[in-house]
Q: 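Submitted below is the structure of interest, expressed as structure tokens.
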Amino acid sequence: MQHDSDMQHDVSRQRYSVEAVRRLARICRLFSAKGPELSLREISSLSGIPLRTAEKIVATLDARGVLSAGAAPRRWTLGPMWLRLADFKRSRIDVREVALPVIRWVFAELNETTFLGVRLGDRRVVAECLISTQPVRRVSHVGDEVPLHVGSSGRALLSGLSDADIKSYLTRIQLINYGYDTVTDPARIWSDVRKARRRGYLTATAELTKESYSTSAAVRSYSGEVVAELTIIFPLSRETRELRDASIRLAVEGARRISRRLGHGFDSKTPSA
Amino acid sequence: MGSTAKRPQRERRSGGSARHRERAPRSVLARRGGVRVLERAIGILQCFDEVNVRLTLHEIAERTGIHKATAFRILTTLVDERIIDQPILGGPYELGFFALGCADAILGGSMLWRKAVPVMAQLRDELNETIVLAQRRGDQILNLDKMVRRQGIIEAPTVGICTPLHASPAGRAVLSTFTHRQLDAYFDDYAVNTDSPRALSEARAFRRQIENAKAAIADPASDAPGSLVPAVPIRDRAGDAVGALWVAIPAGRMNPALFRQCLRRLISAARRLTA
């Protein structure tokens, strides 16, 4: 059942809707990479806007850079204004800021150490971290870094690279044991990369310290690129099947929520109303 | 200011003087209103930039000069259409992901961009500098996309800006492929279309810059006089310049040796794009 305030909000949204703005959006949605140029007649018939009205709207949008003349005469493309706005939007997306509310939500569910890792060259660096308040806890800090093949967090980021880039990484990096039981076998690393790509998460046991268990899931940007990873890490002494399952569920769901906030899976063809 | 000074503004807002309003049929007024609201919506979108990432209703109304109630109605529709986001109900507004979808449609539909992306990525990694792809649009040049240097101090020019060919290094690289006759025609148009009384002397200065760009591209080992922005034209198979590749480097880091290194790499990259 819809909440009262939601219903009121919907009613006010309908009341305040501006048809001309809806038409602007409808026209812009007609263009795609496969159909980057449209004639006025196509714009009118595909959008359902009468030809004469469409002509006036297109003239206004053309004059303001929302649309621009295509390569062929009497055809239009999306205008440079969108490139400019997309550039602003892209340059101001702060993964850490976007992820923080989600990290807090994951943390509140389990009270286990939760962090966001990002790739910096060949290393995974902790960009944000909330540490468990339980008496026995796994500690991690902002700025902590490990090579990309180390731990579930590193390999989750590694899985976002192209196969050629992973091959290049594995040849230039010395695969040594960084802690207790670091994976140093290239075949195992490749197997984990494939697993991370297939399942969306990875787990690791006792790689940097003898007593920890971690689950990591990749965070993707609007373009689908892996830009970060979300990790839940706790002492092995607390490990149970329930906690393991919960950490997998929350890491995957948390990474999905952050990815959505970064625009991953956004369908520009669909209005929200 | 008295009420007489305010009247013209009020009349403009309502679509003309009272006499004209009486004469115009309702449908014409409605259409004029539609176009005006579109212009206002676009004006609202253009309030957002790299600095003004989040804006409140009050700030938007102030910047655009639109009445708060009107701005609210337009913003509500822009949010419904997901062009603008309002993460918290009643909170500030920010650009939505809609613009990224539109940019994808523009870039994905460009053959030049599709061919250039891997080349730009390779150049960016080799030079560790920001690489910009510009596309020629008649007598203008548009920065289409950029791949930004990963670390340190960067210069990140804004994409989606159109400038006349002579007014940017990328455009001058395109002009360097013109014959003397084509350049004469281009600058004749420039002199006709510009209001500047110095159009002729400006045209001469730009022609010198174009000659310098031409000389540098022809021989990257030579001492390049003038501006140190490495830019080269991209030609199609018929030999016509369809765009340019250039490197955006902060002036403090640029030096002749780096300029020549960038130019050599750009020339080889541009050849690959033509092939």
Side-chain angles (χ1 to χ4, degrees), chain A residues 5 9 12-26 28-29 31-37 52-53 56-57 59-61 63-66 68-69 77-92 120-121 222-223 261-263 266-273, chain B residues 31 33-43 45-46 48-50 52-54 69-70 72-83 87 89 94-110 114 137-138 142-146 148 150-151 156 158-162:
Chain A
S5 64
H9 181 55
S12 71
R13 268 166 37 177
Q14 282 160 18
R15 193 195 306 157
Y16 291 123
S17 173
V18 180
E19 182 56 23
V21 178
R22 291 210 180 281
R23 285 174 165 175
L24 176 155
R26 212 185 309 158
C28 291
R29 284 195 180 97
F31 295 89
S32 67
K34 285 184 183 160
E37 279 193 14
R52 288 198 62 188
T53 313
K56 281 182 190 305
I57 296 175
T60 307
L61 299 184
R64 300 297 300 267
V66 179
S68 62
T77 64
L78 287 168
M81 185 192 84
W82 295 114
L83 290 175
R84 207 162 53 242
L85 294 182
D87 192 29
F88 296 147
K89 175 75 183 169
R90 222 177 272 130
S91 68
R92 303 306 298 183
L120 201 61
Y222 170 83
S223 62
R261 294 168 72 115
L262 292 171
F266 174 84
D267 179 10
S268 61
K269 302 285 169 203
T270 323
S272 67
Chain B
R31 278 205 294 272
V35 167
R36 198 170 60 224
V37 86
L38 269 183
E39 283 179 343
R40 286 174 166 180
I42 297 163
L45 288 176
Q46 288 174 338
F48 295 91
D49 56 31
E50 244 176 329
N52 301 294
V53 183
R54 285 190 194 97
T70 312
F72 177 74
R73 288 183 62 218
I74 295 172
L75 280 162
T76 303
T77 316
L78 287 170
V79 169
D80 274 357
E81 294 293 338
R82 305 168 80 192
I83 298 174
L89 198 63
E94 59 186 52
L95 285 171
F97 288 98
F98 187 91
L100 271 69
C102 290
D104 279 357
I106 298 170
L107 297 174
S110 160
R114 290 201 301 269
R137 293 193 164 189
L142 167 73
N143 282 339
L144 199 61
D145 198 12
K146 65 185 174 196
V148 180
R150 291 191 199 275
Q151 289 158 28
T158 305
V159 299
I161 303 276
C162 259

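Letters A, B, ... are given to chains in the order of the sequence lines, protein chains preceding strands, and every chain is numbered from 1.
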Q: Between B:E50 and A:K89, is the closest basic N to carboxylate O distance under 4.0 Å?
A: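 Judged by the 4.0 Å cut-off on N to carboxylate O distance, A:K89 and B:E50 do not form a salt bridge.
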
Q: Check each atom of B:L75 against the heavy atoms of chain A and say whether the ones under 4.5 Å are side chain, backbone, both or neither.
A: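 It is neither, since no heavy atom gets under 4.5 Å.
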
Q: Looking at chain B, which one of A:P36, A:A86, A:S68, A:G79 has the largest number of heavy-atom pairs inside 4.5 Å, strictly under?
A: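 Between A:P36, A:A86, A:S68, A:G79, the count favours A:A86.
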
Q: Which region of B:L100, side chain (C-beta onward) or backbone (N, CA, C, O), has a non-hydrogen atom less than 4.5 Å from a non-hydrogen atom of chain A, or is it both or neither?
A: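 Both backbone and side chain.
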
Q: If you define the side chain from C-beta out and look only at heavy atoms, does anything of B:V159 sit under 4.5 Å from B:L142?
A: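 With C-beta onward as the side chain, the pair stays apart.
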
Q: Under the ring pair (Phe, Tyr, Trp, His ring centres under 6.0 Å) rule, collect the residues that match up with B:F48, sequence neighbours excluded.
A: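 Checked B:F48 against ring pair (Phe, Tyr, Trp, His ring centres under 6.0 Å); zero matches.
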
Q: For the residue pair A:R23 and A:T53, establish whether any side-chain heavy-atom pair is separated by less than 4.5 Å.
A: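 They are in side-chain contact.
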
Q: Pick from B:G109, B:P87, B:A105: which one has the most heavy-atom pairs with chain A under 4.5 Å?
A: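 Max contact count across the listed options: B:A105.
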
Q: Any salt bridge between B:D80 and A:R22, counting N to O under 4.0 Å?
A: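 Looking at A:R22 together with B:D80, the answer is yes, because their closest N to O distance falls below 4.0 Å.
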
Q: Side chain, backbone, both or neither: which part of B:L95 has a heavy atom under 4.5 Å from chain A?
A: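 It is both, since atoms from each part get that close.
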
Q: Sort out for me which of B:D145, B:N143, B:L78, B:T158 touches chain A most, counting heavy-atom pairs under 4.5 Å.
A: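 It is B:T158.
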
Q: Quick check: do B:L107 and A:L83 have side-chain heavy atoms less than 4.5 Å from each other?
A: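 In contact.
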
Q: Students often mix this up, so state it plainly: with edges at 30° and 60°, are the rings of A:Y222 and B:F97 parallel, tilted or perpendicular?
A: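 A:Y222 and B:F97: parallel rings.
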
Q: What part of B:V53 is in contact with chain A, defined as an atom under 4.5 angstrom from a non-hydrogen atom: side chain, backbone, both or neither?
A: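 Interface part for B:V53: side chain.
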
Q: Specify which of B:S110, B:A103, B:A99, B:G101 makes the most heavy-atom pairs with chain A at under 4.5 Å.
A: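 The candidate making the most pairs under 4.5 Å is B:A99.
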
Q: As an exercise: rank B:G108, B:C162, B:C102 by heavy-atom pairs under 4.5 Å with chain A and give me the winner.
A: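 The option with the most such pairs is B:C102.
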
